[in-house]
Number of protein chains: 4
Amino acid sequence: MADTFQSSQPIYLQLADRLNRQIVSGELKPGDKLPSVREMAVSSKVNPNTVQRTYRELEASGIVESRRGQGTFVTENEDILFSTREKLKNDQIENFIQVMHDMGYENEEIQAGLRLYLEGGGHND
Amino acid sequence: MADTFQSSQPIYLQLADRLNRQIVSGELKPGDKLPSVREMAVSSKVNPNTVQRTYRELEASGIVESRRGQGTFVTENEDILFSTREKLKNDQIENFIQVMHDMGYENEEIQAGLRLYLEGGGHND
Amino acid sequence: MADTFQSSQPIYLQLADRLNRQIVSGELKPGDKLPSVREMAVSSKVNPNTVQRTYRELEASGIVESRRGQGTFVTENEDILFSTREKLKNDQIENFIQVMHDMGYENEEIQAGLRLYLEGGGHND
Amino acid sequence: MADTFQSSQPIYLQLADRLNRQIVSGELKPGDKLPSVREMAVSSKVNPNTVQRTYRELEASGIVESRRGQGTFVTENEDILFSTREKLKNDQIENFIQVMHDMGYENEEIQAGLRLYLEGGGHND
DNA sequence: GTGGTCTAGACCACA
DNA sequence: GTGGTCTAGACCACG
């Protein structure tokens, strides 16, 4: 059945993920300017082309906007920010549940296990 | 900045993970024989040495037993099976929560989101 | 009859044993750097892979720590050092007693013989 | 310093050791006939030449006697039996102490450790 | 430089 | 056939 193995996600997607998370978490706020392609390339030690591709990817999803001659900025469109936030959350959750089910864990067990970790900072009912 | 990018987990660990999950999920049952090193190497398209290393890893954790001249078998030791199952579960949960927190989601939001999938959707396949 | 003849311990375990003893005896001190994989391979006249395996084995037991790009170092964790020291001691003692019993020596004779060497001879060098 | 690794003791010496121990332990008694070279070769799954060499070795030490046309017998010379018994014992003890000292264990620690094993369990064989 | 992974192919021991 | 060990040589990531 199984085929080959992951040679890991492309760097430009890893970078996109990281930026998405920084935006969603509020580390990067609406209207914030992202580092220039060249700055980002240096600080992340990747090729500028790779950063370019990441920015293009993010712009395609609407979460950032490129303004010619000025730079790349986090969108201030709240709908897009909100839906991105929801989408990332749901992706994570779906993936998590998928994996847990594949390993044979039942819903109750998953929730019980999770509660164990979340309790202390959260609530339960 | 602190970190670069992941260059992916070693193949022998990816294989170990896969087998661990198959055992934990019951797809491979206690006493079952795993494919021989050579078979697995062919079907997974990796070098026999890499499979060997995987099997060795699994044996070190006690989840399988290798019998020279016979094959490699899923342990029938229930304690080890149980603790492996628990460990994998907790690893997944911890990782999930870690990621969610990094993205700025609060405990309540995580649990609410999860409940939607687990209770609302009856997300079984 | 039951058994054939020993075809000797694997090289990587012989090497591990030797290093374990050097650590336990204090010849290699906590924090000391072990020879690099390649150096050790040359000086021991074995393949670097074999040394790698030895180092990996030692790291799994916690007695050494490998730092990529830097080298392999004796742990400074005193608990691990102590328990390794105890384990090696007990292994030796158990084996010694096993052999002596197999040859038909009684406990009193063993202790008497030992005392001769330890107290009579002042067997220090 | 250290050179290469043991490719294990020659089989003829392993066989000699085993027979020496059987004699010293009384499993083979004075006057007992050892299996013929051919029998021993079959039962131990080694080459008859190897057995031959073992017997020659044992005869050189006086612990067995070859009688032309009759076979090989455990000596009935009590002096030789006794001194062999003592020699084997002392060899083991010396070696044991040597190893323990090399690993940095002091005399008191050795004796204390040994006592733990000898007094707790009593003896049996 | 360091350690870590992987492949290719060999040989051994067990059954 | 099985798993286990070893070598030779390559490439990668880290610093």
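Chain identifiers are assigned alphabetically (A, B, ...) following the order of the sequence lines, protein sequences preceding nucleic acid strands; residue numbering begins at 1 within each chain.
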Decide whether D/Asp102 and D/Gln98 meet the rule of one side-chain donor and one side-chain acceptor closer than 3.5 Å.
->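 Result is yes, a qualifying pair exists.
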Verify salt bridge (charged side-chain N to carboxylate O under 4.0 Å, His left out) between C/Glu94 and C/Lys87, making sure each step is shown before the conclusion.
-> CA-CA 10 Å; C/Glu94 281 188 53; C/Lys87 185 172 187 320; over 6 Å; no
Length of the CZ-P vector between B/Phe73 and E/dC14, whole Å |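 For the pair B/Phe73 CZ and E/dC14 P, the rounded distance is 17 Å.
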Not counting sequence neighbours, which residues clear salt bridge (charged side-chain N to carboxylate O under 4.0 Å, His left out) with [X]? List them please.
X       : result
C/Lys29 : none
D/Arg85 : C/Glu109
B/Arg38 : none

For B/Arg21, enumerate each residue passing the side chain to side chain donor-acceptor pair (under 3.5 Å) test, keeping only those at least two apart in sequence or located in another chain.
->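 Result, side chain to side chain donor-acceptor pair (under 3.5 Å) vs B/Arg21: none returned.
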Please round to the nearest 0.5 Å and tell me the distance separating atom CG of D/Asn20 and atom OG of D/Ser61.
->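 The OG atom of D/Ser61 is 6.0 Å from CG of D/Asn20, to the nearest 0.5 Å.
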Just by protein heavy atoms under 4.0 Å, how would nucleotides 1-7 of chain F read 5' to 3' in B, S and -?
-> BBBBBBB
Report yes if some heavy atom in the side chain of C/Tyr12 is under 4.5 Å from a heavy atom in the side chain of C/Val46; otherwise report no.
->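 No. Closest side-chain heavy atoms not under 4.5 Å.
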What stems involve DNA chain E, if each pair must be Watson-Crick or G-U and both of its distances must be under 3.5 Å, with 3 or more such pairs in a row?
->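 If one scans DNA chain E for consecutive Watson-Crick or G-U pairs, the stems found are E:1-14 with F:1-14.
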